[in-house]
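Inspection log for the structure reproduced underneath, given as C-alpha cells.
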Amino acid sequence: MKLFPAIDILEGRAVRLLYGKRENVTDYGDPLDCAKSFFDCGARALHVVDLSGAFGGQSRFHHLLEKIAALGLPVQSGGGLRSYAAMRERLEAGASRIVLGTVCTEDPVLFERAVCDFGDKIVAGIDAKDGFLTVKGWTQTTRIDAFAFGKFAFEKGVRDTVFTDVGRDGALTGVNAEESARLQKETGLNVIASGGVRGLDDLHRLKEKGVYGAILGRAVYTGALDLRRACEELQ
C-alpha cells in the first residue's frame with residue numbers, strides 16, 4: 001500500500017484545514033522540517049499541496065517544493081493547477097506527478113491535453129461532497145457525479161486518483177473505506193484515499209479492501225498515527 005504523508009502549504013507554512021475551510025486552520029510550522037521528519041520516519045513519497053493556489057491565489061511555493069523534492073522522495077503535488085504553464089512549472093520545480101482537480105471540469109480540453117502530454121504524471125483529483133465533485137479549493141460543489149467523472153478520467157488515460165471525502169477531511173472521523181473501494185472497483189482507477197484517517201486501523205481497513213493508497217494528514221501531525229510504524233507495517 002502506498003502512503004503519502006501530506007504537507008499543505010498556505011502562505012509559506014505547513015497547515016491543516018478542518019473540512020477544507022480556510023478559516024479553520026492549524027499551523028504546523030516549516031514545510032521543509034515536516035518533510036524531513038516524514039523522510040526520517042520511512043516515508044517513500046509525499047503529497048504536497050499549494051493551498052494558496054487552490055484558493056485562487058497566485059502560486060508562490062515553488063521554492064519550497066524544490067527544497068522538499070531535493071530530499072530525494074517522489075513528490076505528488078496539487079493545488080491551483082489551472083493552466084498548462086502552471087502544470088509544466090510544477091513538474092519542473094520537482095513534482096514527480098501532479099494532481100488536477102478544478103481544471104478537469106472547467107477545461108476538459110486542457111485536461112485531455114495534459115494527460116496526453118504528461119501521461120502517468122497526471123493524477124485526477126476527485127474531491128467529493130455528498131457524491132458530487134467540489135472545485136476551487138472545495139469552496140464550490142458542482143452537479144457532476146464523482147463516480148461518473150472517475151470513469152471519464154479513466155477513459156481519457158488517467159490511472160491514479162486522489163479521492164477526498166471533503167466532509168471528513170481533517171476531522172479524524174474515520175476514512176471512507178467503503179466508497180474508496182467502490183470507486184476503485186467501478187472506475188478502474190487506483191484510488192488514493194484522503195480525508196478522515198485516524199490511525200492504523202483505518203489504514204488496515206483500506207488495505208484489506210484493496211485500496212491502492214492513502215494520504216496521511218492531521219493524524220500524523222497530532223501524533224494519533226505513528227507514521228514510522230505505519231510505514232513499517234503497510235508499505
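Atom-to-atom distance recorded for Leu110:CG and Ser83:OG is 7.5 Å, nearest 0.5 angstrom. For the atom pair CZ of Phe111 and CZ of Phe152, the computed distance is 6.0 Å after rounding to the nearest 0.5 Å. Taken to the nearest 0.5 Å, the CG atom of Leu81 stands 8.0 Å off from the CG atom of Asp50. With rounding to the nearest 0.5 Å, the separation of CG in Leu183 from CD in Glu178 is 13.0 Å. For the atom pair Met1 CE and Leu203 CG, the distance stands at 5.5 Å (nearest 0.5 Å). The distance from the CG atom of Leu225 to the CG atom of Asp202 is 9.0 Å, given to the nearest 0.5 Å.
Only one option out of Lys207, Arg228, His204 pairs with Glu233 in a side chain to side chain donor-acceptor pair (under 3.5 Å); it is His204. Of the candidates Arg90, Glu89, Lys67, Arg90 is the only one forming a side chain to side chain donor-acceptor pair (under 3.5 Å) with His62.
Within the 4.5 Å cutoff, the side chain of Arg88 has no heavy atoms near those of the Asp117 side chain. Residues Asp8 and Arg16 are in side-chain contact: their nearest non-hydrogen atoms beyond the backbone lie under 4.5 Å apart. Ile215 places none of its side-chain heavy atoms less than 4.5 Å from the side chain of Phe163. Between Phe154 and Arg159, the closest side-chain pair of non-hydrogen atoms falls below 4.5 Å. Side-chain contact between His47 and Ile192: absent, with no pair of heavy atoms (C-beta onward) separated by less than 4.5 Å. Residues Asp120 and Arg97 form no side-chain contact, since every pair of their non-hydrogen atoms from C-beta on lies 4.5 Å or further apart. At a threshold of 4.5 Å between non-hydrogen side-chain atoms, the residues Leu32 and Leu71 count as touching. Leu200 is listed as a side-chain neighbour of Leu234, based on a closest heavy-atom distance under 4.5 Å.
For the pair Val49 and Gly79, the tightest heavy-atom approach, listed with the atom from each and the gap, is CG1-CA, 4.2 Å. Considering every non-hydrogen atom in both Ser52 and Leu10, the closest pair reads OG-CD1, 3.6 Å. Taking every heavy atom of both residues into account, Pro31 and Gly12 meet most closely at CD-O, 3.4 Å. Across Ser77 and Ala95, no two heavy atoms sit closer than the pair CB-CB, 4.0 Å. For the residue pair Phe132 and Thr141, the shortest heavy atom distance occurs at CB-CG2, 4.0 Å. Contact detail for Ala153 and Ala124: the closest heavy-atom pair is CB-CB, 4.1 Å.
The cluster map of Ile, Leu, Val, Met, Phe, Trp and Tyr, joined by side-chain heavy atoms under 4.5 Å apart, puts Ile122 and Val162 in different clusters. Tracing side-chain contacts under 4.5 Å through hydrophobic residues (I, L, V, M, F, W, Y), one never reaches Val99 starting from Leu46; they form parts of separate clusters. Both Val220 and Leu206 belong to a common hydrophobic cluster when Ile, Leu, Val, Met, Phe, Trp and Tyr are linked at side-chain heavy-atom distances under 4.5 angstrom. Note: the hydrophobic cluster containing Leu227 also contains Val175 (ILVMFWY, side chain heavy atoms under 4.5 Å, direct or indirect links). Linking Ile, Leu, Val, Met, Phe, Trp and Tyr whenever their side-chain heavy atoms come within less than 4.5 Å leaves Val103 and Val123 in two separate clusters.
Checked against the 6.0 Å centroid threshold, Phe38 and Phe4 do not count as a close aromatic pair.
For CG of Asp201, the number of neighbouring non-hydrogen atoms (other residues, nucleotides, ligands) closer than 6.0 Å is 12 at most. Under a cut-off of 6.0 angstrom, the local environment of CG in Asp40 is crowded, with over 12 non-hydrogen atoms contributed by other residues, nucleotides or ligands.
Checked by atom type and distance alone, the side chain of Gln184 pairs as donor or acceptor with a backbone atom of Tyr212 at under 3.5 Å. Checking side-chain atoms of Ser37 against main-chain N and O of Asp33 turns up no donor-acceptor pair under 3.5 Å. A side-chain donor-acceptor contact under 3.5 Å links Thr142 to the backbone of Leu133. Remark: the backbone N or O of Asp127 is paired with a side-chain donor or acceptor of Thr134 at under 3.5 angstrom. At distances below 3.5 Å, at least one donor-acceptor pair connects side-chain atoms of Gln235 with backbone N or O atoms of Gly42.
Ring planes of Tyr84 and Phe118: parallel class, angle under 30° (limits at 30 and 60°).
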Verdict with supporting geometry, Thr26 and Arg218, side chain to side chain contact (heavy atoms under 4.5 Å, CB included): CA-CA 10 Å; Thr26 304; Arg218 187 179 294 270; 3.6 Å; yes
Show, in sequence, the C-alpha distance, side-chain angles and deciding distance for Leu189 and Ile126, and conclude whether the side chain to side chain contact (heavy atoms under 4.5 Å, CB included) test is met. CA-CA 11 Å; Leu189 294 167; Ile126 300 181; 4.3 Å; yes
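The cationic group of Arg13 does not satisfy the cation-pi geometry with Tyr28, failing either the under 6.0 Å distance to the six-membered ring centre or the 45° limit from the ring axis.
Checked for salt-bridge contact, Arg229 and Glu232 miss the test: no charged N lies under 4.0 Å from a carboxylate O. A salt bridge is defined here as a Lys NZ or Arg NE, NH1 or NH2 lying under 4.0 Å from an Asp or Glu carboxylate O, and Glu179 with Lys209 fails to meet this definition.
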